[in-house]
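Computed from a predicted model, the values in this text were never measured in an experiment.
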Amino acid sequence: MQPGFMCLESGLTRSKNSINVAVKNFADFGISVCLFWAFGYAVMFGASLFGWLGQNSFFLAVDNNPKLAAFFLFQAMFCGTATTIVSGAVAERIKFGTYLAVACLTSGLIYPVFGHWAWNLKITGEAGGWLGQLGFVDLAGSTVVHSIGGWISLAVLLVIGPRVGRFLPDGTPQKIQGSNLPLSVLGTMLLWLGWLGFNGGSTLAFSDRVAAIMVHTILAGVAGMITATLYSWSRHRVPEVELLLNGSLGGLVSITASCDVVTTSGAVIIGIGGGMVTLISSSLLKRFRIDDAVDAVPVHLGGGIWGTLAVAIFGDVQLLDTGLSHGEQFLVQLLGVLVAGLWSFGITYPLLRFCHRLIPLRVSPEDEEMGLNVSEHRAKTEIYDLFQVMESQAQNKDLSLRVPVEPFTEVGQIAQRYNQVMEALEDAVNRTNAIVNTASDAILTFNPDGLKITNANPSSETIFGYPRQKILGQSLTALIDWNASSENADPLPRLLLEGRAELVGQRANGDGIPLEGTATKVCVGDHSFYTAIFRDISERKQAETALAEANREITLLNDRLQAENLRLGAELDITRRLQKMLLPKNRELDAVMGLEISGYMEPATEVGGDYYDVLCHDGGVKISIGDVTGHGLESGMLMLMVQTAVRTLLENDEVDARHFLNTLNRTIYGNIQRMDSDRHLTLALLDYRDGEIRLSGQHEETVIVRSSGEVERIDTIDLGFPIGLEANISEFIDEKVLKLSPGDVVVLYTDGITEAEDEQGQFYGIERLCEVVRHYLREPAEMIRRAAIEDLRRHIGRQRVYDDITLVVMKQK
């Protein structure tokens, strides 16, 4: 029986408490046997003093009396069983010392005293205890053993309360899954085997009644199990293991009192009733928020009460041999049940409630969360070591910690894989930290609430002028002059929505500093934070100011030296303004479905004739980009003609690429002939619809940077012919179909970008443009376009721009 209870309870509780549960079952057995030998046997079976207490056989000596020795050992096992019932009910939260005190109270006082009232025999073989004299019958302890243990368990549970997390604030019970149900099944089987010895041996003789008693015991247990199985299947649609085990045990407890005096069919009915009473009692405990870890109270108290009363209902009056009728016997049995409850619960509850007010009887919430294996016994396990390292890493953010690895075990394999993951993560974090710490930009991390800065890299000290320790804990608003930066005083919308926003920083000495900033929201589990990057653009602003001043001086000089060209200059200026005015507006670009589009066009000092346009039509999008040869007014006018013609053709539903380009060419060719000019135009035409681009026309290479980082450069030399050189170009026009996946980026440009020179005469080049796009590939199209233009400006420096700069970036959503 004792190993059975240990296996059952250990399997139904969590592994972090399994050692504690096992040790309690072992320790209470030792305590109960010791106390039962010292004075429990004497109180229970000694010569009765007025039917209330025994008065001899203390420190029992069995040296020369083998029959007494056998009887003592048999009865000591009953005492141990009554005591250990409490262990499972109060598992996972009671202090070990508290449990030992309850075990002493049970086996040293409560059990032997009530046992004397019910089971004490006079030397003549007649009942000596006052309950026994009234005719109370309980063959193997439905009440004497099981109900006593159940009442004590209920009292302790009411004092120490439920486990943490067992019930929600509204009272809804939350299941705490056992750690090893096969072990619990084994424990139940061991209990069945022990029950055969208890019930069969309670006749105290190997008579012909023993076989029937064992059969009745088995059938009652089976009936209880089947009852619980049917209930579980009908209620939960699955046979829950715990219900099967406890249903069978409820049937066994119920038949324990009457297995020698009932018929076989009566035993089955009693077993069914025991299973039902166990299920009902379990529901009642949950309703009143009483947390019984293994349902010991429903099994032993509920089943014990039912089994004791069933003696009078199903027992054979002649076999009972009490001289009472069924009704009289029922009243005596009911009296025994009530007396057992008043005696055991009436002593245990007030005594423990008083002690609990002085000294807490249950462990602290921290120890309960840790598990009683460690907090009560310092019994560490591999899983505990693994969890300890994980907890330490979660609190200290120390990724260098490693879990001890025990080879050739499942937990050891998990620990080894976990260490490998930590090594990879630590390497990645170290690389990231190296990048952050060596970056020239200020990188700040801050919380959503109050924008409190939690981390800052070394460059933050240089840019803002504060020591790093002073930056930490400040609000981000203390480092940025938002009123000077924008009318919007809330920093996050600008940083999050505008991408790279130009701001005014606030240095420690009070000086303002021009900054370029961007922020990103990072979500980790159930919390989030922000990371912001700020770049000092003082030199760029100074260069822009100097460049603007130089351009103004050159303009004034030109105005003074070439007064005769004022009219022509005005015409060029008007053309430049028209060139920019006819570019698509942001609202048009935002209306495009499926694509993020960001375009840029900067006219040169002389008009270069670049243009791009984005037009929506019939659910699709037509994108065009062109570059007129030469500079000056003629080029600008030709550009305006082309842009007007493209819009006119699209308005007239001309979308076929071959017809479109040929019609456009004839129109432009005629105008060029009238102008008596050799100007012509390279033009690329893209039709986009549902992730597919149809590319035609001859222009610069079209660049596609896939979301994987792979770069594709599409040469358009075979897809068209320069506009304006031939009257009919339809035979030269071809089309290429491109499929876009989410995250792919398409880049269109004119030669003003790739042929832009630095001070040493080096071209910017298509390769450098591709690298910039790859670097910012994960960013929105607007940020990619800005990054490319800024990189181009750094390359050009103070050089004069002689050609228009046009760039269009499209990103598949």
Side-chain angles (χ1 to χ4, degrees), residues 29-83 103-149 151-152 198-199 201-207 256-257 260-261 308 311 320-324 329 332-333 335-344 346-348:
F29 176 74
I31 288 174
S32 61
V33 171
C34 179
L35 294 181
F36 193 73
W37 166 75
F39 51 84
Y41 180 86
V43 170
M44 189 168 179
F45 293 105
S48 183
L49 181 62
F50 306 114
W52 290 93
L53 293 172
Q55 53 185 329
N56 62 348
S57 300
F58 292 94
F59 298 97
L60 183 66
V62 297
D63 302 328
N64 300 315
N65 193 338
K67 187 174 182 179
L68 177 62
F71 181 75
F72 165 77
L73 187 61
F74 187 70
Q75 293 299 331
M77 299 305 104
F78 276 101
C79 181
T81 297
T83 303
C104 291
L105 179 66
T106 301
S107 56
L109 175 63
I110 297 175
Y111 173 77
V113 169
F114 185 81
H116 180 90
W117 298 345
W119 281 357
N120 180 270
L121 298 175
K122 295 180 180 179
I123 299 175
T124 60
E126 298 177 357
W130 67 272
L131 270 178
Q133 293 176 25
L134 292 176
F136 180 76
V137 174
D138 186 1
L139 175 67
S142 285
T143 288
V144 177
V145 176
H146 297 282
S147 287
I148 291 295
W151 283 115
I152 295 173
F198 268 13
N199 288 2
S202 291
T203 60
L204 303 180
F206 193 54
S207 64
T256 296
D260 63 328
V261 294
T308 303
V311 171
L320 287 172
D321 195 24
T322 59
L324 302 174
Q329 187 69 50
V332 171
Q333 297 298 111
L335 175 64
V337 168
L338 296 175
V339 169
L342 290 173
W343 168 247
S344 53
I347 287 181
T348 307

Show your reasoning for whether side chain to side chain contact (heavy atoms under 4.5 Å, CB included) applies to Trp130 and Phe50.
CA-CA 8 Å; Trp130 67 272; Phe50 306 114; over 6 Å; no

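- With values rounded to the nearest 0.5 angstrom, Ile148 atom CD1 is found 14.0 Å from Thr81 atom OG1.
- In this structure, the side chains of Phe45 and Leu121 stay at 4.5 Å or more apart for every pair of heavy atoms.
- To the nearest 0.5 Å, atoms SG (Cys104) and CD1 (Ile31) are separated by 4.5 Å.
- Looking at residues two or more places apart in sequence or on another chain, you find a ring-ring contact (aromatic ring centres under 6.0 Å, His included) between Phe198 and Phe78.
- Heavy atoms only, all atoms of each residue included: Leu35 and Ser107 are closest at CD1-OG, 3.5 Å.
- The two atoms that bring Leu68 and Ala61 nearest to each other are CD2-O, 4.0 Å, heavy atoms only.
- The list of side-chain hydrogen bond (donor to acceptor under 3.5 Å, both in side chains) pairs with a residue in residues 109-118, not counting sequence neighbours, reads Ser48-His116, His116-Asn120.
- The two residues Val311 and Gln333 make their nearest non-hydrogen contact at CB-NE2, 3.7 Å.
- We find the CG-CH2 distance between Leu73 and Trp37 to be 14.5 Å, quoted to the nearest 0.5 Å.
- In this structure the side chain of Thr308 reaches within 4.5 angstrom of the side chain of Phe136, judged on heavy atoms.
- Between Ser32 and Thr83, the shortest heavy-atom contact is CB-OG1, 3.8 Å.
- Of the possible polar contacts, one joining the Trp343 side chain to the Ile110 backbone as a donor-acceptor pair under 3.5 Å is found.
- Nearest heavy atoms, Ala47 versus Asn56: N-OD1, 2.8 Å.
- Contact detail for Val337 and Thr143: the closest heavy-atom pair is CG2-OG1, 4.2 Å.
- In this structure, the side chains of Leu53 and Gln55 stay at 4.5 Å or more apart for every pair of heavy atoms.
- Leu139 CG to Asn199 CG: the interatomic distance, rounded to the nearest 0.5 Å, is 6.5 Å.
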Could you give me the CA-CA distance, side-chain angles and deciding distance for Val339 and Phe114, then say whether side chain to side chain contact (heavy atoms under 4.5 Å, CB included) is met?
CA-CA 9 Å; Val339 169; Phe114 185 81; 3.9 Å; yes

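- One distance of note links OG1 of Thr322 with CD of Gln329; it measures 4.0 Å at 0.5 Å rounding.
- Between atom CZ of residue Phe58 and atom OH of residue Tyr41 there is a gap of 12.5 Å, rounded to the nearest 0.5 Å.
- At least one side-chain heavy atom of Val332 sits under 4.5 Å from a side-chain heavy atom of Leu324.
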